[in-house]
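Heavy-atom basis, side chains included; hydrogens, waters and symmetry copies ignored. Here is the naming used below: chain letters follow the sequence lines, and residue numbers restart at 1 for every chain.
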Amino acid sequence: MNETIKYTVFKTQWGYFGLLANEKGVIRACLPCTDRKTVEKNLLGGLEGAEFDKNLLKALQGKIIAYFEGSGVKFDSHLALDNLPTFTKKVLDACQRIPAGKTITYSELAAMIGNPRASRAVGNALAKNPIPLVIPCHRVIRTDGSIGNFSAPGGSSTKKKLLALESKR
DNA sequence: GTCCCGTCCTGTC
DNA sequence: GACAGGACGGGAC
């Protein structure tokens with residue numbers, strides 16, 4: 001494999017945010033962290049040969065920064081999800097259609113992809129979401145109203161903070 | 001409120 | 001191919 005992988009780390013209101021991308025689109029994202037090195041480590045995760053490019057996905061960077069400033073933005077960047085299982089791709093794709101400030105439940109998301117009872121499998125897929133925030137997996141909550149779980153650094157408290165940020169608009 | 005079983009997909013053996 | 005484990009749901013108690 002000889003594809004070019006680039007990454008960038010930039011500052012937002014919440015801390016440093018990382019993006020990793022190849023020619024096809026975004027591969028991975030890393031939620032804000034106060035320490036830039038931590039972000040790079042989480043983002044690259046042992047990957048070698050990734051090239052730093054501060055102008056990588058400049059438009060998306062701007063949107064993410066605006067997002068953490070509290071403005072409503074729509075992430076429409078191209079994402080490279082080819083290496084993920086079909087079901088996971090479907091789940092992530094459906095997840096992207098959730099409008100900002102709105103939340104749906106795991107079972108509603110399952111219904112969107114034609115498997116109303118696959119809520120558990122949906123959670124499984126979201127747990128593997130490589131691109132948090134851009135794929136708004138934090139907008140998916142449990143049917144009983146509880147926040148559910150979140151695999152990104154910070155866990156469910158990060159999820160809560162993200163929802164609070166969106167709902168106060 | 002807590003417990004338990006059903007459900008469906010992925011990763012590992 | 002089989003099995004265990006999950007960001008869940010819903011009914012039973």
Side-chain angles (χ1 to χ4, degrees), chain A residues 1 3 5 12-22 24-35 38-48 60 63-64 67-68 72-169:
Chain A
M1 208 155 56
E3 59 185 348
I5 297 186
T12 71
Q13 290 275 20
W14 286 22
Y16 292 99
F17 191 102
L19 281 175
L20 185 69
N22 63 14
K24 290 182 197 153
V26 185
I27 312 171
R28 206 184 285 177
C30 186
L31 256 27
C33 233
T34 48
D35 180 15
T38 308
V39 174
E40 276 188 26
K41 204 176 138 200
N42 290 340
L43 189 63
L44 300 176
L47 189 71
E48 283 173 36
L60 180 58
K63 285 184 183 182
I64 291 171
Y67 174 88
F68 285 109
V73 290
K74 188 167 165 257
F75 300 116
D76 49 8
S77 304
H78 193 56
L79 309 178
L81 302 171
D82 298 344
N83 54 338
L84 296 172
T86 314
F87 179 81
T88 305
K89 271 194 289 190
K90 274 164 81 177
V91 171
L92 298 182
D93 188 58
C95 189
Q96 274 188 90
R97 284 183 242 140
I98 307 169
K102 198 181 169 211
T103 56
I104 69 167
T105 65
Y106 288 97
S107 51
E108 278 168 343
L109 188 57
M112 279 169 77
I113 57 172
N115 263 326
R117 280 187 285 204
S119 51
R120 186 114 195 206
V122 167
N124 220 331
L126 291 180
K128 276 174 286 189
N129 174 16
I131 319 176
L133 188 69
V134 180
I135 295 174
C137 53
H138 57 278
R139 289 177 198 146
V140 187
I141 59 173
R142 292 185 55 142
T143 306
D144 63 8
S146 60
I147 203 87
N149 228 319
F150 199 55
S151 62
S156 51
S157 61
T158 303
K159 186 166 174 175
K160 260 186 232 172
K161 277 163 67 185
L162 287 169
L163 291 174
L165 178 69
E166 292 182 359
S167 64
K168 73 181 165 198
R169 289 194 294 114

> How long is the line joining CG of A:L81 and P of B:dT10, in whole Å?
Replying inline: 14 Å
> Do A:Y16 and A:E40 meet the criterion of a side-chain donor-acceptor pair at a distance under 3.5 Å?
Replying inline: no
> Roughly how many Å is it from CD1 in A:I104 to P in C:dG9, rounded to a whole number?
Replying inline: 11 Å
> When we call it a touch if two heavy atoms are under 4.0 Å apart, what does A:N115 touch: a base, just sugar-phosphate, or nothing?
Replying inline: sugar-phosphate
>> Distance check needed: C:dG9 P versus A:I147 CD1, whole Å only.
In response: 13 Å
> Looking at side-chain heavy atoms only, is the closest gap between A:L31 and A:F150 below 4.5 Å?
Replying inline: yes
> Base, sugar-phosphate, or nothing: which does A:Y106 touch, judged by heavy atoms less than 4.0 Å apart?
Replying inline: base
> Taking atom P of B:dC3 as reference, at what distance in whole Å does atom CG of A:D144 sit?
Replying inline: 15 Å
> What integer distance in Å separates A:N149:CG from C:dG9:C1'?
Replying inline: 15 Å
> Paired with B:dT7: which nucleotide, if any, by Watson-Crick or G-U wobble criteria at under 3.5 Å for both distances?
Replying inline: none
> Between atom CZ in A:R117 and atom C1' in B:dG6, what is the gap in whole Å?
Replying inline: 9 Å
> Under 4.0 angstrom, heavy atoms only, what part of the nucleic acid is A:T143 near: base, sugar-phosphate, or nothing?
Replying inline: sugar-phosphate
>> Starting the side chain at C-beta, find the nucleotide from C:dA7, B:dT10, C:dG6 nearest to A:P85.
In response: B:dT10
>> Quick check for you: among B:dC9, C:dA7, C:dG9, whose closest atom lies nearest to any side-chain atom of A:C137?
In response: C:dA7
> Taking a pair as Watson-Crick or G-U wobble with both distances under 3.5 Å, which nucleotide is matched to B:dC13?
Replying inline: C:dG1
> C:dA7, B:dT10, C:dG9: which one has an atom nearest the side-chain heavy atoms of A:S107?
Replying inline: C:dG9
>> Once you apply a heavy-atom cut-off of 4.0 Å, does A:A118 come out as touching a base, just sugar-phosphate, or nothing?
In response: sugar-phosphate
>> Would you say NZ of A:K160 has more than 12 non-hydrogen atoms from neighbouring residues, nucleotides or ligands within 6.0 angstrom?
In response: no
> What's the NZ-P distance between A:K160 and C:dA7, to the nearest Å?
Replying inline: 17 Å
> So, is A:N124 near the phosphate of B:dT7, with a side-chain N or O under 4.0 Å from OP1 or OP2?
Replying inline: no
>> Quick one, A:R142 and A:I147 - any side-chain contact, counting heavy atoms below 4.5 Å?
In response: no
> Can you find a pair of side-chain heavy atoms, one from A:I141 and one from A:S146, that are under 4.5 Å apart?
Replying inline: no
> How close or far is atom C1' of C:dG6 from atom CZ of A:R142, stated in whole angstroms?
Replying inline: 12 Å
